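What you see is a predicted model, and the numbers here were worked out from it, not measured in a lab. Chain letters run A, B, ... following the sequence lines, proteins first, then strands; residues in each count from 1.
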Amino acid sequence: MLDSTLLDFVMEERNKSAPGRDLSFVVGSEVTIRQDPWWWLVVAVAAIIVLLVMLLPVPFREIVIFARDGILVTIVVTVTSYFLIIIVGLLGGLGRLSQNKLIFGISSLYVEIVRGIPLLVQLLGWYLASPVIIRNLGDWLNLQPLIEYRANPIITAIIAITVCYGAYMSEIVRSGIQSVPKGQMEAARSLGMSHFQAMRHVVLPQAFRVILPPMGNEFIALLKDSSLVSVVAVGDLTRRGREFMAAHFNPIETWLMVALLYLIMTIVAARVVSYIEKRSKYERY
Amino acid sequence: MSRPIIQIKDIKKRFGRVEALRGVSLDVNEGEVVVIVGPSGSGKSTLLRCINRLEEYEEGTIIVDGMTLDNTSNINAIRREVGIVFQSFNLFAHLTAMQNLMLAQCIVRKRSRKEAEEIAQALLAKVGIPEKAKAHPAQLSGGQQQRVAIARALAMNPKVMLFDEPTSALDPEMIKEVLDVMTSLAKEGMTMLVVSHEMGFARAAAQRVIFMDEGLIIEQATPHDFFKNPKEERTRLFLSKILHL
């Protein structure tokens, strides 16, 4: 009896500290600079960028103005790919857990092959090799649109990144689903839910909380790896930096500013991930 | 008390090379409370899990409320009528007690949120923890979690309740609160099939006690006869071991 009285007491204390609020979000529900001191790093890096631009407009202000469309391209490529990667990862992860041998085989083969090839090689393959294959196919089938096919750099880059990162995301999703105890699925099924309903309402919401940190890591890694698309004619931040340096020949300033711009994006992303993590925490067994 | 609501005929089930059930037949009448005892590995939990097809079985038939369990589509229909309570509670960890009770009502029974919430609140009151509606499972004691789990199963208005060692994972002082809920359920006329070693519960609430060993039903009798004069040697040996504890 002592145990449960103690527990009641603890619960009461908790209710006092957060009256009338949904308990699921009590932990870390208000993340401010006070609670997440890493925001100061964001402020510091932003201040350095602003100071450099204001105090030394030549070349720093010029670099930022020259590369601003590159920043946009980097963000667009990263966010679009990430959205698609989550879809591929969800399908791949479920496929890796499928009872169906064909689905399991295909998704496993996909993961194993793609993980074994460097992203840069995959990008070059999609951009340089796949258009040739498509044009040859067009010749063979005598289809005019295929014969005249030209690869769109941004779309090709997004496809290549999605295929590559989707394999890693599949493994993250798989491990997340496997981390949810088997009894959760059994309990849901025993209440008459279908497999799909149980996945959607019981297993995936719990898996999601487990895989949030690695998913956040993937986003930040993706933001950085997106610089690889500069080799396949996509005008992202890195490529624009190289173009600026070639015209003005000031490598130190150029790469310092490009590095700072990547840094501000990644540390802001890291803070957002950490905020989402804290918000979605709940007490587990 | 006359109509059999569960009819099990000659069920056989194997895990690899181990024969878990070697031909079990059992009828449970409407409103009857049956307690199954037996050593671990005797197949009692497996039998229970076969009734709502959490386990597949190789041979035999199970008919629940006139519906035959087979490989076709009616499995979710049967599961709706058969509630099960697990040893490890298996409450949905990301939901509050209230949400645990409401989820399946809304998506399986298609009840409105308001209706589901009213039913859930009434059931939490019935199992004695109306004030825990907003608590998450991890904030509840084992006994409270198991009572929420019973309420969650009851929310679906099942015709039969299965209990798979409901008190085995509980601290001793919490066993009573769960057994009290089960006893009052039995008094209300719920059909119950209980795997448990709580002999006090078997004596107080059961109409029939079944002893299983090595995948077979060895003996069944009223609680009085079962504990006073068991017929089989193996039953006597088993009882002598557990009653000394």
Side-chain angles (χ1 to χ4, degrees), chain A residues 1-15 17-27 99 176-177 179-212 279-285, chain B residues 48-49 51-55 73 75-97 99-101 103-109 129 131-145 149 152-153 155-156 158 162 164 171 173-174 176-177:
Chain A
M1 232 38 238
L2 186 74
D3 247 0
S4 70
T5 347
L6 195 70
L7 204 101
D8 284 342
F9 175 73
V10 172
M11 285 299 303
E12 263 173 43
E13 287 303 302
R14 265 192 208 146
N15 286 332
S17 63
R21 211 190 288 146
D22 186 358
L23 278 164
S24 59
F25 295 130
V26 165
V27 187
Q99 305 283 331
I177 292 172
S179 79
V180 178
K182 226 178 102 211
Q184 296 283 312
M185 176 57 97
E186 284 187 351
R189 295 306 301 275
S190 76
L191 291 166
M193 290 185 216
S194 67
H195 183 85
F196 176 79
Q197 287 171 330
M199 260 296 165
R200 180 169 174 280
H201 295 285
V202 176
V203 177
L204 286 180
Q206 294 183 57
F208 177 69
R209 288 164 166 90
V210 177
I211 65 178
L212 251 174
R279 267 195 61 111
S280 62
K281 223 179 244 172
Y282 65 101
E283 284 160 72
R284 291 174 62 84
Y285 289 109
Chain B
L48 217 58
R49 292 163 58 85
I51 295 173
N52 70 351
R53 272 286 289 274
L54 288 175
E55 302 285 356
S73 56
I75 182 62
N76 289 335
I78 287 180
R79 282 180 176 148
R80 258 176 260 153
E81 310 304 335
V82 181
I84 185 163
V85 174
F86 301 91
Q87 181 179 355
S88 51
F89 328 134
N90 293 346
L91 290 179
F92 304 138
H94 62 305
L95 301 177
T96 62
Q99 291 165 335
N100 262 279
L101 266 63
L103 182 63
Q105 290 193 65
C106 291
I107 64 179
V108 178
R109 288 281 189 210
I129 39 174
E131 74 282 4
K132 299 293 183 192
K134 282 187 176 166
H136 275 78
Q139 295 164 326
L140 299 172
S141 71
Q144 290 169 336
Q145 287 190 52
R152 179 177 67 177
M156 302 300 287
L162 309 175
D164 188 3
D171 288 343
E173 73 263 35
M174 292 170 185
K176 189 178 176 298
E177 63 190 52

Quiz item: At their closest point, which heavy atom of A:Leu191 faces which heavy atom of B:Ala104, and how far apart are they?
Solution: CB-CB, 3.8 Å

Quiz prompt | Option in A:Ser194, A:Ala188, A:Gly192 with maximal non-hydrogen atom pairs under 4.5 Å from chain B | solution = A:Gly192

Self-check item: B:Phe92 to A:Ala187 - nearest heavy-atom pair and separation
Solution: CE2-CB, 4.0 Å

Self-check item: All side chain to side chain contact (heavy atoms under 4.5 Å, CB included) counterparts of A:Ala207, not counting sequence neighbours
Solution: A:Ile177, A:Val180

Quiz prompt | Best-contacting candidate, B:Val82, B:Ile84, B:Leu54, against chain A by heavy atom pairs under 4.5 angstrom | solution = B:Leu54

Quiz item: If you take all heavy atoms of A:Ser190 and B:Asn52, which pair is closest and at what distance?
Solution: CB-ND2, 3.6 Å

Quiz item: At what distance, to the nearest 0.5 angstrom, does CD of A:Glu186 lie from CG of B:Asp164?
Solution: 9.5 Å

Quiz prompt | Main-chain N/O of A:Gly183 paired to B:Asn90 side chain as donor or acceptor, under 3.5 Å | solution = yes

Quiz item: So which part of A:Ala198 gets closer than 4.5 Å to some heavy atom of chain B, the side chain, the backbone, both or neither?
Solution: neither

Quiz item: Which answer fits B:Arg152, side chain, backbone, both or neither, if we ask what part of it has an atom under 4.5 Å from a heavy atom of chain A?
Solution: both

Exercise. Measure the NE2-CG distance between A:His201 and B:Leu103 for me, rounded to the nearest 0.5 Å.
Key: 6.0 Å

Quiz item: Can you name the closest pair of heavy atoms from A:Gln184 and B:Leu91 and give their distance?
Solution: NE2-O, 2.7 Å

